[in-house]
J.: 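Below is one structure. I have some questions about it.
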2 protein chains.
Amino acid sequence: MSIPVSPSIRKRISESTIHRLSLYYRALSLLEKENYETVSSKELAKREKLTPAQVRKDLSFFGSFGTRGLGYPVKELRAQISSILGLDRTWRVALIGIGNIGSALVSYKEFSKQGFQIVKLFDNDQRKIGSNHKGIIVSDIRNLETELRNDRIEMVVLAVPATVAQYIVDDVVRAGIKAILNFAPANLKVPDDVYLRNENMSMELEYLSFAIVNNHAQKRVKLNI
Amino acid sequence: MSIPVSPSIRKRISESTIHRLSLYYRALSLLEKENYETVSSKELAKREKLTPAQVRKDLSFFGSFGTRGLGYPVKELRAQISSILGLDRTWRVALIGIGNIGSALVSYKEFSKQGFQIVKLFDNDQRKIGSNHKGIIVSDIRNLETELRNDRIEMVVLAVPATVAQYIVDDVVRAGIKAILNFAPANLKVPDDVYLRNENMSMELEYLSFAIVNNHAQKRVKLNI
DNA sequence: TATTCTTTGTTACCAATTTCACTTGACATT
DNA sequence: AATGTCAAGTGAAATTGGTAACAAAGAATA
């Protein structure tokens, strides 16, 4: 029995929907561990602090996975979302910059758990080049372009100082990489066909700070009757 | 001369607006370094890949900071946003969990640069308790509640395993903390009056993965004529 | 000082997203 | 088999967020 392929997506799916898919995926993984067979949009919504309608809408963009009157089959829905998000395979990831953040990310289990395998490390520091981090030898950043190509890297995680981030990302783009996750607090320019996401860890603290200072109204709590 | 206080905010300001304020703040800091006196919404928009209209609208929620025909005074606008975001002061932050991520965050300069001073560390590992990280002695997590109170901590950064995160956050809430930044991939429950933000580092990789697999349309590039 | 030019602040409009409410289908029970 | 219940799926309504256009304010210029 093969899992039916999700219909190819015509509409542009919103970023928020994709992020929520990640949430559903995590919730479903947990539900599976807890031996649930099925789950309703209501329960899923409750667990992720959303509304049942939103859960159903989000999922309906990709197909009809549920059974009316019963709910969604946990195991199957998880597999579906896994396939939609591309988590049913592994990704070859290179990490550039073995500083504080970089080192932490090498050891960050969540990444490999989701199939993001860091298989390559780069730094410009002679003391770090050649050293071993979790079984990976740190490469010289001067060989970035060729090594990214040779090792068939598909994604790059950038954890370098903001001041040099643009130069490095230019190299990364030249190597044909189409997906970059940037931790440097910098606004990087990439061509249209390269996906760039920024992880700005200060931003959320700044949001908290704003919320406290301005006594900002919390998101209304939805009752799931 | 005193900086005029931003009018108290009636409307709920959207999360996106706040995040963009962070971007403006960063851009303005840079512009100040580059000795710009003023900046137009057009230039600011270009630097952050937004539209001039959006920049003006965002800022107009908080007051009229610009001069028609001239633009915004860089130094002053930066100070204004700083005050809006609560970055014109320092925050006493405790970091819980001195693992990979936790250790990296202690040394993460961006935080202190924005006034988020990590002044307290907690862990449950006997080998770590009492040790010194960047001048801070790691405390025993068993004393969490009292020490958070005694040291007048205002924000907590949580970098503990997902499995124990809820227990710890319950303690944190009991200590009267109203702002929490959570790095654990878990859905934490907190009372309505506690601000909780989640930093989910896998999510952005998952978005990239989705984008590649589905050849997802990029956000249209806006021309700033 | 008058005129032109630039750029803000704001309102009106449009698009995207979320919520609502209803319809439909599956299962369970009698 | 008929009936009742539950929950998914869905189109329409409401809300929210973003864009565009323009009037007003000030700066630059002559």
J.: Starting at atom CD of A:Glu15, determine the distance to atom P of D:dG18, rounded to an integer number of angstrom.
T.: 11 Å
J.: Has A:Thr51 got a side-chain N or O lying under 4.0 Å from the OP1 or OP2 atom of C:dT19?
T.: yes
J.: Return the value, rounded to whole Å, for the distance between atom CG of A:Leu50 and atom P of C:dT18.
T.: 9 Å
J.: Both A:Arg20 and B:Ser41 contact DNA chain C. Taking the nearest nucleotide for each, which residue is further toward the 5' end?
T.: B:Ser41
J.: Summarise how protein sits on nucleotides 23-30 of chain C as a single string, 5' to 3': B when a protein heavy atom is under 4.0 Å from the base, S for sugar-phosphate-only contact, - for no contact.
T.: -BBS----
J.: By nearest atom, which of the nucleotides C:dT18, D:dA21, D:dA8 is closest to the A:Arg56 side chain?
T.: D:dA8
J.: For C:dA16, take OP1 and OP2 only and decide whether either is under 4.0 Å from a side-chain N or O of A:Ser14.
T.: no
J.: Would you compute the distance between atom NE2 of A:His19 and atom OH of A:Tyr24 and round it to the nearest 0.5 angstrom?
T.: 13.0 Å
J.: Holding to side chain to side chain donor-acceptor pair (under 3.5 Å), I want the full list of residues that pass it with B:Arg56, two or more places apart in sequence or in another chain.
T.: B:Ser41
J.: Using atom CG of A:Leu77 as one end and atom P of D:dG9 as the other, report the distance to the nearest whole Å.
T.: 9 Å
J.: Between C:dT19, C:dT17, D:dG9, which nucleotide gets closest to the side-chain atoms of A:Tyr72?
T.: D:dG9
J.: Could you tell me whether B:Thr17 contacts a base, only the sugar-phosphate backbone, or nothing, with contacts defined as non-hydrogen atoms closer than 4.0 Å?
T.: nothing
